[in-house]
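Inspection log for the structure reproduced underneath, given as structure tokens.
Numbers restart at 1 for each chain; the letters A, B, ... are given by sequence-line order, proteins then strands.
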Amino acid sequence: MPHRTPITRDFFDRPVLEVAPDLLGRTLVRTTSDGPIELRLTEVEAYNGPTDPGSHAYRGRTRRNAAMFGPPGHAYVYFIYGMWFSVNLVCGPVDSAGAVLLRAGEITTGSELAQKRRPTARKESELAKGPARLATALDIDRTLDGSDICAGPGAPFELLAGEPARADRIRTGPRTGVSGDGAVHPWRFWIEGDPTVSPYRAHTPRRRQPSI
DNA sequence: AGCTCGATTCCCT
DNA sequence: GGGAATCGAGCTA
């Protein structure tokens, strides 16, 4: 399969736990007004629908998470911590609300554009190391929520076959920053040894205001 | 109407 | 390793 073959919607029809590791090594093309930025995915997390306590879908459909409950092959973009965005790719049947969080990758095209967006990055490997950094580097915000990933060249997003990661290089572990019962599942997937993979952090409960 | 805290990053010690 | 920044979804009332 040639490197630059577009991935079609049936790729996303499968269960999210199957799609997530299969995304590693694939190329996400983000077409901006300034030109294309391409990202080789190195780290993702699966969020497994309404029964997954770690998922935004856990409490059912809301205005924010509506895209997750929509058709596969679309983006779910959400705003977090008052200043960042994160990007997911929706998987599985409509209403199953499966989504893969794109956590990190290697910028392979348009690194000048990404640098401009991420001036604090000191190394190429830091441009998209972490979900909010990835979204910033690729100029992704809430206006792209619900975008079709499989609409073809020139759309805001496209996914290319790339070079899927070898199975023996894929590692799994608990999801970063997920609390409670959602933390037990090893649904984080990354390419072992890749310098763009973000460091694992366990969930840290935020301290309450000190009561004097 | 008010409150808590999050699928984080950055900067400081 | 810890705290600040910053806003809004979702819960409690």
Notebook entry, point to check: Rounding to the closest angstrom, what is the interatomic distance between dG3(C) and dC5(B) at atom C1'?
Noted result: 15 Å
Next item on the list: Please name the pair of heavy atoms, one in Gly105(A) and one in Thr196(A), separated by the smallest distance, quoted to 0.1 Å.
Entry: O-CB, 3.4 Å
Item checked: Check ion pair Asp194(A)-Arg169(A) (N to O, under 4.0 angstrom) -> no
Notebook entry, point to check: Strictly by modelled atom types, are Thr32(A) and Asp34(A) linked by a side-chain donor-acceptor pair under 3.5 Å?
Noted result: no
Would you give me the side-chain donor-acceptor pairs under 3.5 Å for residues 176-192 of chain A, sequence neighbours excluded?
{"unit_1": "Arg188(A)", "atom_1": "NE", "unit_2": "Glu43(A)", "atom_2": "OE2", "d": "2.8"}
{"unit_1": "Arg188(A)", "atom_1": "NH2", "unit_2": "Glu43(A)", "atom_2": "OE2", "d": "3.0"}
{"unit_1": "Arg188(A)", "atom_1": "NH2", "unit_2": "Ser198(A)", "atom_2": "O", "d": "2.9"}

Check: Taking only residues two or more places apart in sequence, or in another chain, which ones meet Glu18(A) in a salt bridge (Lys or Arg N to Asp or Glu O under 4.0 Å)?
Finding: Arg14(A)
Margin query: At 4.0 Å (heavy atoms only), tell me whether Gly177(A) reaches a base, stays on the sugar-phosphate, or touches nothing.
Written below: sugar-phosphate
Notebook entry, point to check: With sugar-phosphate meaning primed atoms plus P, OP1 and OP2, does Phe79(A) contact a base, only sugar-phosphate, or nothing at under 4.0 Å between heavy atoms?
Noted result: sugar-phosphate
Could you list the donor-acceptor pairs under 3.5 angstrom formed between side-chain atoms of residues 68-77 of chain A and any protein atom two or more places apart in sequence or on another chain?
{"unit_1": "His74(A)", "atom_1": "ND1", "unit_2": "Gly146(A)", "atom_2": "O", "d": "3.0"}
{"unit_1": "Tyr76(A)", "atom_1": "OH", "unit_2": "His56(A)", "atom_2": "ND1", "d": "2.8"}

Note to self: Please classify the nucleic acid contact of Arg64(A) as base, sugar-phosphate, or nothing, using heavy-atom distances under 4.0 Å.
What the structure shows: sugar-phosphate
Next item on the list: Check whether any side-chain N or O of Arg201(A) sits under 4.0 Å from OP1 or OP2 of dT9(B), and answer yes or no.
Entry: no
Item checked: Heavy-atom donor-acceptor pair, Arg103(A) side chain to Pro131(A) backbone, under 3.5 Å -> no
Next item on the list: Under 4.0 Å from any atom of DNA chain C, heavy atoms only: list the residues of residues 178-194 of chain A that qualify, in numerical order.
Entry: none
Note to self: Does anything in residues 123-132 of chain A come within less than 4.0 Å of DNA chain B? Heavy atoms only, and list the residues if so.
What the structure shows: Gly130(A), Pro131(A), Ala132(A)
Next item on the list: Might you confirm whether atom CZ of Arg117(A) has over 12 heavy atoms from other residues, nucleotides or ligands at distances under 6.0 Å?
Entry: no
Notebook entry, point to check: Do Lys129(A) side-chain atoms and Pro195(A) backbone N/O form a donor-acceptor pair below 3.5 Å?
Noted result: yes
Notebook entry, point to check: With a 4.0 Å cut-off on heavy atoms, is Ser86(A) in touch with a base, just the backbone sugar-phosphate, or nothing at all?
Noted result: nothing
Check: How is Arg118(A) classified with respect to the nucleic acid when contacts are heavy atoms under 4.0 Å: base, sugar-phosphate, or nothing?
Finding: sugar-phosphate
Item checked: Presence of Thr176(A) side-chain N/O under 4.0 Å of dA7(B) phosphate oxygens OP1/OP2 -> no
Checklist line | Any donor-acceptor N/O pair, Ser55(A) side chain to Asp52(A) backbone, under 3.5 Å | finding: no
Next item on the list: Please tell me which of Arg63(A) and Trp84(A) maps to the more 5' nucleotide of DNA chain C, matching each residue to the nucleotide holding its nearest heavy atom.
Entry: Trp84(A)
Checklist line | Rounded P spacing from dG1(C) to dA7(B) in Å | finding: 23 Å
Notebook entry, point to check: DNA chain B in dot-bracket, Watson-Crick or G-U pairs under 3.5 Å, [ ] crossing, | other strand?
Noted result: ||||||.|||||.
Margin query: Please determine whether the number of non-hydrogen atoms from other residues, nucleotides or ligands lying under 6.0 Å from atom CZ of Arg9(A) exceeds 12.
Written below: yes
